[in-house]
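All heavy atoms count here, side chains included; hydrogens, waters and symmetry mates do not.
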Amino acid sequence: MDINTPRLLPIISTLVLILVSVSSFASASLKVGFYASTCPSAEEIVRSAVNKAISQNAGIAAGLIRMHFHDCFVRGCDASVLLASTPGNPAERDHFANNPSLRGFEVIEDAKAQLEAACPQTVSCADILALAARDSALKVGGINYDVPTGRRDGRVSIADEAAQNLPAPTLSADELVSRFSRKGLSGDEMVTLSGAHSIGVSHCSAFSKRLYSFNDTFTQDPSMDSSYAETLKANCPAPPSISDPTVSLDPSTPIRLDTKYYDGLINHRGLLTSDQTLFNSQSTREMVLTNANDAAGWSHKFGKAMVQMGSIEVLTDSNGEIRNHCTFVN
Ligand code: HEM
Ligand SMILES: *[C@@H]1O[C@H](CO)[C@@H](O)[C@H](O)[C@H]1NC(C)=O
């Protein structure tokens, strides 16, 4: 024993070193400043394209944050949401969860065109989406966070996978918790990220059952403030209707990413069933109250949760490709 120890020690420490380096290699594939030497202006280019677009139309910020979410939940953050449908294969972006509501595609295209001019075949579309979401949160919410980059772009996009992976606006809190946990996100991260509904709009069709045909006993969802419901009815036609207008998800501060969304839930003014359920369910109510009462804490958690969401099933190293054009595979 005493004799063997000095010989075993170097062997054991070598083994430990190998194990440590293998595991850190596996988790360190995305890193902040991935393009620092290969394309130093990458983040600046994305930010200026995003800021320009938002200054013309504040709603674009909402579109870009949602686009990153819809990218990451379907096949990981691989820009599959940007690929065009091909004959015989409808792509994610043409699924009804994305078309016609998803917006901001032209901003990504604009950034990509500038990036290809500055540093050809270097910056992935998936990273542009992640950066654009952050730049949007900064512009309309003052929320800043570092975005690890180094994602690569996928080559596959299938419309049905949007239906399977994107949560429907009719889900209960428990169903939402389980949908997010499948993607490695906690209940608290789900509630925190839902705060993105502090900006942007929804088409009436996503919630009009709450106004006109809730269930056999109630025409109106009893969990919705009745004067809010009346206001919404004035803007949303009863189904079936050909027109499908949009209303603000958070009418109190519709273009400011803040915690007023959570105040709305507490006041029974959540627009979607999936919003109001977060306050009405025992399992998530405390989180809603905490976020409502701590704007700075929520902002910080939001940035962290966006980074977490941005790391779902990413392609790195030699996987995937750097697309030349975000709409098409190479
Ligand atoms: C918790 C589950 C979620 C459900 C069920 C859900 C559902 C929806 C629905 C139905 C809309 C309206 C789309 C339309 O009709 O135009 C919407 C909009 C939006 N969602 Fe979510 N969402 C969820 C989580 C998230 C997350 C995690 C984010 C981002 C972090 C997000 C960001 C947005 C934004 C910013 C909008 C407004 C988009 C715009 O104005 O263009 N949502 N969401
Ligand atoms: C209708 O909804 C109310 C409120 O959520 C509920 O208490 C009631 O049981 C529902 N009725 C039917 C017939 O589903």
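Within the 3.5 Å criterion, the main-chain N or O of Ser157 finds no donor-acceptor partner in the side chain of Ser80. Between the side chain of Asn330 and the backbone N or O of Ile322, at least one donor-acceptor pair lies under 3.5 Å. Proximity of a side-chain donor or acceptor of Tyr262 to a complementary backbone N or O of Thr192 within less than 3.5 Å is detected.
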**Glu116/Lys112 under salt bridge (charged side-chain N to carboxylate O under 4.0 Å, His left out): CA gap, chis, key distance, verdict** = CA-CA 6 Å; Glu116 285 304 297; Lys112 178 64 170 173; 2.8 Å; yes
**Item:** Derivation and outcome, side chain to side chain donor-acceptor pair (under 3.5 Å), residues Thr327 and Glu109
**Value:** CA-CA 8 Å; Thr327 314; Glu109 296 295 343; 2.5 Å; yes
**Request:** May I have the step-by-step check of side chain to side chain donor-acceptor pair (under 3.5 Å) for Asn291 and Thr259, ending in yes or no?
**Result:** CA-CA 7 Å; Asn291 292 336; Thr259 54; over 6 Å; no
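Alongside Val32, the hydrophobic cluster contains no other residue (criterion: ILVMFWY side chains under 4.5 Å).
Under the rule for a side chain to side chain contact (heavy atoms under 4.5 Å, CB included), the partners of Phe214 that lie at least two apart in sequence or sit in another chain are Phe218, Asp221, Pro222. Under the rule for a side-chain hydrogen bond (donor to acceptor under 3.5 Å, both in side chains), the partners of Asp275 that lie at least two apart in sequence or sit in another chain are His197, Tyr261.
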Identify all side-chain donor-acceptor contacts of residues 43-51 below 3.5 Å with residues at least two apart in sequence or on another chain.
from  : atom 1 : to     : atom 2 : distance (Å)
Glu43 : OE1    : Arg134 : NH2    : 3.1
Arg47 : NE     : Asp135 : OD1    : 3.0
Arg47 : NH2    : Asp135 : OD1    : 3.0
Ser48 : OG     : Ile45  : O      : 3.3

Side-chain atoms of residues 232-241: list all donor-acceptor pairs with protein atoms under 3.5 Å, sequence neighbours left out, distances to 0.1 Å.
from   : atom 1 : to     : atom 2 : distance (Å)
Asn235 : ND2    : Thr231 : O      : 2.9
Ser241 : OG     : Ser243 : N      : 3.2
Ser241 : OG     : Ser243 : O      : 2.8

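Taking CZ of Phe96 as the start and NE2 of His203 as the end, the distance is 10.0 Å to the nearest 0.5 Å.
In summary, the side chains of Thr273 and Thr277 do not present any donor paired with an acceptor at a separation below 3.5 Å, with no hydrogens or angles considered. In summary, the side chains of Asn165 and Glu161 do not present any donor paired with an acceptor at a separation below 3.5 Å, with no hydrogens or angles considered.
Heavy-atom contacts from other residues, nucleotides or ligands closer than 6.0 Å to CD of Gln164 number more than 12.
A continuous path of ILVMFWY side-chain contacts below 4.5 Å connects Tyr212 to Phe207, so both sit in one hydrophobic cluster. Hydrophobic clustering of Ile, Leu, Val, Met, Phe, Trp and Tyr side chains at less than 4.5 Å, counting indirect connections, unites Val307 with Ile143.
Pairs of residues two or more places apart, or lying in two chains, that qualify as ring pair (Phe, Tyr, Trp, His ring centres under 6.0 Å) and include a residue from residues 300-330 are Trp298-Phe302, His325-Phe328.
Considering Asp127, Thr316, Asn319 as possible partners of Arg151, the one that fulfils the side chain to side chain donor-acceptor pair (under 3.5 Å) test is Asp127.
Side-chain contact between Leu176 and Ser274 is present, with at least one heavy-atom pair separated by less than 4.5 Å. Counting only heavy atoms from C-beta outward, the side chains of Phe69 and Leu193 never approach each other to under 4.5 Å.
Using a 4.0 Å cut-off between a side-chain N of Lys or Arg and a carboxylate O of Asp or Glu, Asp225 and Arg269 qualify as a salt bridge.
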